[in-house]
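A short worksheet on the structure shown next.
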Amino acid sequence: MRAAAHTAISGASAFALISMLRRHHPTARLPDPVFAAVVAAIASGLPDLLEPASSPHHRKFCHSAAFAVIVTTGMRKLYDWMPATPGEAFMRDALLGIGFGYMTHLCADATTPLGLPLLGTIS
Ligand SMILES: [Zn+2]
């Protein structure tokens, strides 16, 4: 999948998902949807930065379902974190946006014929 597609999918999904969650759960401590969309769109290339798409079989550990679990767990820890300063709150929101971008990249890749490896390899 091309980088431009990942950018568009990540930005649009982060905006839509966070907007919907904030509407249905007004007390949820989620980032601003526009901020998260911009950060997610920028961060959407991170998996292919870690494992460059130089061949159709480039998806290893950083593109795996196992890594998705790690990212999701990290995002949950971030969500539960109570920042003490505005700087920490900004960092929390930015990292959540990066997590959204990373996860939407993996979700988009999972829809392709090659899908994602369960564990992948580290190389
Ligand atoms: Zn990828």
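As the structure lists them, so they are numbered: ligands from 1, and atoms in each ligand from 1. Only this structure's heavy atoms are used, side chains among them; waters, hydrogens and symmetry mates stay out.
Using modelled atom types, one finds no donor on one side chain facing an acceptor on the other under 3.5 Å when comparing Thr27 with Arg22.
Protein N/O/S atoms found under 2.8 Å from the Zn ion (ligand 1): Asp48 OD1, His63 NE2, His105 NE2, Asp109 OD2.
Residues forming a side chain to side chain contact (heavy atoms under 4.5 Å, CB included) with Ala12 (at least two apart in sequence, or on another chain): none. For the side chain to side chain contact (heavy atoms under 4.5 Å, CB included) test, residues two or more places apart in sequence or in another chain that qualify with Ala41 are Thr7.
Rounding to the nearest 0.5 Å places CD1 of Ile18 at 7.5 Å from CG of Leu96. Here Ser64 contributes atom OG and Ile70 contributes atom CD1; the two are 7.0 Å apart, rounded to the nearest 0.5 Å.
Sorted by first and then second residue, the pairs that involve residues 89-119 and meet ring-ring contact (aromatic ring centres under 6.0 Å, His included), not counting sequence neighbours, are His6-His105, Phe35-Phe90, His63-His105, Phe67-Tyr102.
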